[in-house]
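Presented below is the structure to which this report refers.
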Amino acid sequence: MGKMSCKTNQCLTNPGQDVRRMGCSGEDAEMGRDQKQEPEIPVTIAMSSELLFNTEQQSPGPGYSFVKSEELFKVLLIHDNSSELSERFIKNHKLEELITPFYVSGEHLVGELQENETHLYLSAQPGFKVQEVLNKGIAAAIMYTPEETTEVAETQLRVVFDGDAVLFSDESERVFATKGLESYLNHENERVNEPMTEGPFKGFLQALGKLQKKFFNKGQQKCPIRTYLLTSRDAAGAGYRALNTLKTWGLEIDEAYFLGGSPKGPLLKMIRPHIFFDDQMRHVDGSLKEGIVACHVLAS
């Protein structure tokens with residue numbers, strides 16, 4: 001497939017925030033339609049049933065809008081003891097073609113996820129197999145529910161990723177934690193053109209990117225998926241290293257925001273994503289306060 005080109009230009013500046021946007025070129029998408037397409041592999045997401053369906057309130061759970069949006073994914077629903085209610089919910093919401101009930105015991109979970117080529121595993125229970133799944137190279141996180149959920153777009157799935165310890169490894173984050181800000185900035189400036197090691201969610205972003213290209217190859221001008229990088233890195237050397245890493249990997253992000261340590265909640269409120277991934281609970285909590293469904297990525 002042809003690679004969609006990305007142009008970076010400053011699109012918005014607020015106090016303490018430097019924001020850069022990366023847009024996808026329709027010309028490159030046109031080129032991609034003339035090239036041989038790779039075999040189609042569905043983006044597969046496995047999730048706990050309670051994330052799809054809240055049995056107590058008889059209502060959609062925090063993961064409902066994420067997996068339902070434009071019916072983009074193959075969903076493996078891991079049943080608990082409320083499977084009968086979940087199946088009724090699936091039928092009532094006409095999700096039979098999208099969601100596959102998935103009965104598996106905890107001891108066999110990781111193997112079944114691997115066998116089904118799962119790209120993302122979402123759990124409602126802290127610690128339940130999440131670290132084990134991550135250790136096997138599958139993106140995994142714990143999903144948290146805000147008290148009041150912000151309304152999200154119906155026609156475009158918006159996915160926001162943190163950078164360090166999510167898309168990238170935690171190498172730079174460890175430098176900051178052990179040696180302080182000045183050493184961290186020197187570390188990033190010296191390595192601005194050196195790609196970072198991949199993090200646990202690189203593969204999931206890659207899967208979303210392939211799905212985006214599929215829509216452009218079909219001639220759709222507006223892609224139903226939009227991806228964001230929302231990082232505490234600044235827009236100087238640390239930020240450019242993040243963009244250079246993605247470029248080296250051959251991956252693209254639609255919008256990148258470099259906050260320089262500012263809170264992420266206000267930007268999340270503006271973006272109104274369906275889901276947000278971060279390794280720090282303070283950012284997860286900030287997201288929940290804004291009514292945004294957030295997922296905690298455990299430290300490796």
Side-chain angles (χ1 to χ4, degrees), residues 16-20 110 119-123 126-144 159-206 208 227-253 255-265 267-268 275-288 294-300:
Q17 301 172 346
D18 191 279
V19 183
R20 296 173 186 272
V110 178
H119 296 93
L120 173 65
Y121 166 60
L122 296 173
S123 173
F128 182 70
K129 294 289 181 179
V130 174
Q131 189 64 65
E132 188 176 344
V133 172
L134 280 169
N135 292 343
K136 293 297 183 180
I138 299 172
I142 303 160
M143 179 177 277
Y144 289 89
V159 184
V160 179
F161 298 93
D162 177 34
D164 295 284
V166 178
L167 289 181
F168 316 120
S169 74
D170 64 349
E171 170 202 347
S172 300
E173 203 167 72
R174 283 187 277 111
V175 171
F176 176 78
T178 58
K179 298 183 179 181
L181 178 60
E182 185 176 352
S183 293
Y184 162 77
L185 293 175
N186 290 335
H187 179 273
E188 296 307 297
N189 287 330
E190 291 169 1
R191 295 166 177 79
V192 67
N193 292 315
E194 179 183 315
M196 288 179 277
T197 306
E198 65 183 62
F201 276 71
K202 176 197 172 184
F204 183 52
L205 175 61
Q206 187 174 37
L208 291 180
T227 57
Y228 302 77
L229 171 64
L230 187 59
T231 172
S232 294
R233 288 171 172 260
D234 60 32
Y240 278 108
R241 190 181 184 202
L243 296 182
N244 289 338
T245 297
L246 292 174
K247 182 178 180 181
T248 300
W249 290 346
L251 298 183
E252 294 157 1
I253 206 89
E255 295 186 34
Y257 295 82
F258 303 98
L259 303 187
S262 296
K264 296 182 179 181
L267 263 295
L268 289 167
I275 196 166
F276 166 57
F277 298 99
D278 202 291
D279 69 306
Q280 297 188 36
M281 278 305 300
R282 65 188 180 95
H283 295 310
V284 170
D285 291 337
S287 175
L288 297 176
C295 299
H296 183 215
V297 181
L298 301 180
S300 58

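On a predicted model such as this, the values are computed, not experimentally measured, just so you know.
Here OH of Tyr240 is found 15.0 Å from CD of Glu188. Values are rounded to the nearest 0.5 Å. How far CE of Met196 is from CG of Asn244: 9.0 Å, rounded to the nearest 0.5 Å. Going from atom CD of Glu194 over to atom CZ of Arg241 covers 5.0 Å, rounded to the nearest 0.5 Å. Between Phe201 atom CZ and Asp162 atom CG the span is 10.5 Å, to the nearest 0.5 Å. We find the CG-CG distance between Leu205 and Leu120 to be 12.0 Å, quoted to the nearest 0.5 Å. Between the CG atom of Leu246 and the CG atom of Leu167 there is a distance of 6.5 Å, given to the nearest 0.5 Å.
Residues Ala238 and Asn189 approach most closely at N-OD1, 4.4 Å, considering heavy atoms. The minimum heavy-atom distance linking Pro200 with Leu134 is given by the pair CB-CD2, 3.6 Å. In terms of heavy-atom proximity, Ile138 sits nearest to Tyr121 at CG2-N, 4.5 Å. What you find for Asp279 and Ala165 is that their closest heavy atoms are OD2-CB, 3.4 Å. Heavy atoms only, all atoms of each residue included: Ala242 and Leu229 are closest at CB-CD2, 4.4 Å. Contact record, Leu243 with Ala256: CD2-CB, 4.1 Å, taken as the closest heavy-atom pair.
Side chain of Lys179 to backbone of Tyr184: no donor-acceptor contact under 3.5 angstrom is found. Counting only distance, with no hydrogens or angles, the side chain of Ser183 and the backbone of Gly180 share no donor-acceptor pair below 3.5 Å.
Sorted pairs that involve residues 133-142 and meet salt bridge (charged side-chain N to carboxylate O under 4.0 Å, His left out), not counting sequence neighbours, are lacking altogether.
A heavy-atom distance below 4.5 Å is found between the side chains of Leu268 and Leu230. Between Pro195 and Lys247 the shortest side-chain heavy-atom distance does not fall below 4.5 Å. Side-chain contact check for Ile275 versus Cys295: some heavy-atom pair is nearer than 4.5 Å. Contact of the Leu122 side chain with the Val130 side chain is not registered, since no non-hydrogen atoms from C-beta on lie closer than 4.5 Å. No side-chain heavy atom of Phe168 sits under 4.5 Å from any side-chain heavy atom of Thr197. Contact check for Val284 versus Met281: side-chain heavy atoms found under the 4.5 Å cut-off.
Residues Gln280 and His296 have side chains that never bring a donor and an acceptor to within less than 3.5 angstrom of each other. A donor-acceptor pair shorter than 3.5 Å cannot be found between the side chains of Asn186 and Glu190. Of the N and O atoms on the side chains of Ser172 and Arg233, at least one donor lies less than 3.5 Å from an acceptor on the other residue.
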Problem set entry | Criterion side chain to side chain contact (heavy atoms under 4.5 Å, CB included) on Phe276 and Asp278, from CA distance to verdict | CA-CA 7 Å; Phe276 166 57; Asp278 202 291; 3.3 Å; yes

For this session: Please report the C-alpha distance between Leu181 and Phe176 in whole Å, then the side-chain angles of each, then the deciding distance to 0.1 Å, and finally whether the side chain to side chain contact (heavy atoms under 4.5 Å, CB included) criterion is met.
Result: CA-CA 6 Å; Leu181 178 60; Phe176 176 78; 3.9 Å; yes

Problem set entry | Test log, rule side chain to side chain contact (heavy atoms under 4.5 Å, CB included), inputs Phe258 and Asp234 | CA-CA 5 Å; Phe258 303 98; Asp234 60 32; 5.7 Å; no

For this session: Please step through side chain to side chain donor-acceptor pair (under 3.5 Å) for the pair Tyr257 and Glu255, ending with a clear verdict.
Result: CA-CA 7 Å; Tyr257 295 82; Glu255 295 186 34; 2.4 Å; yes

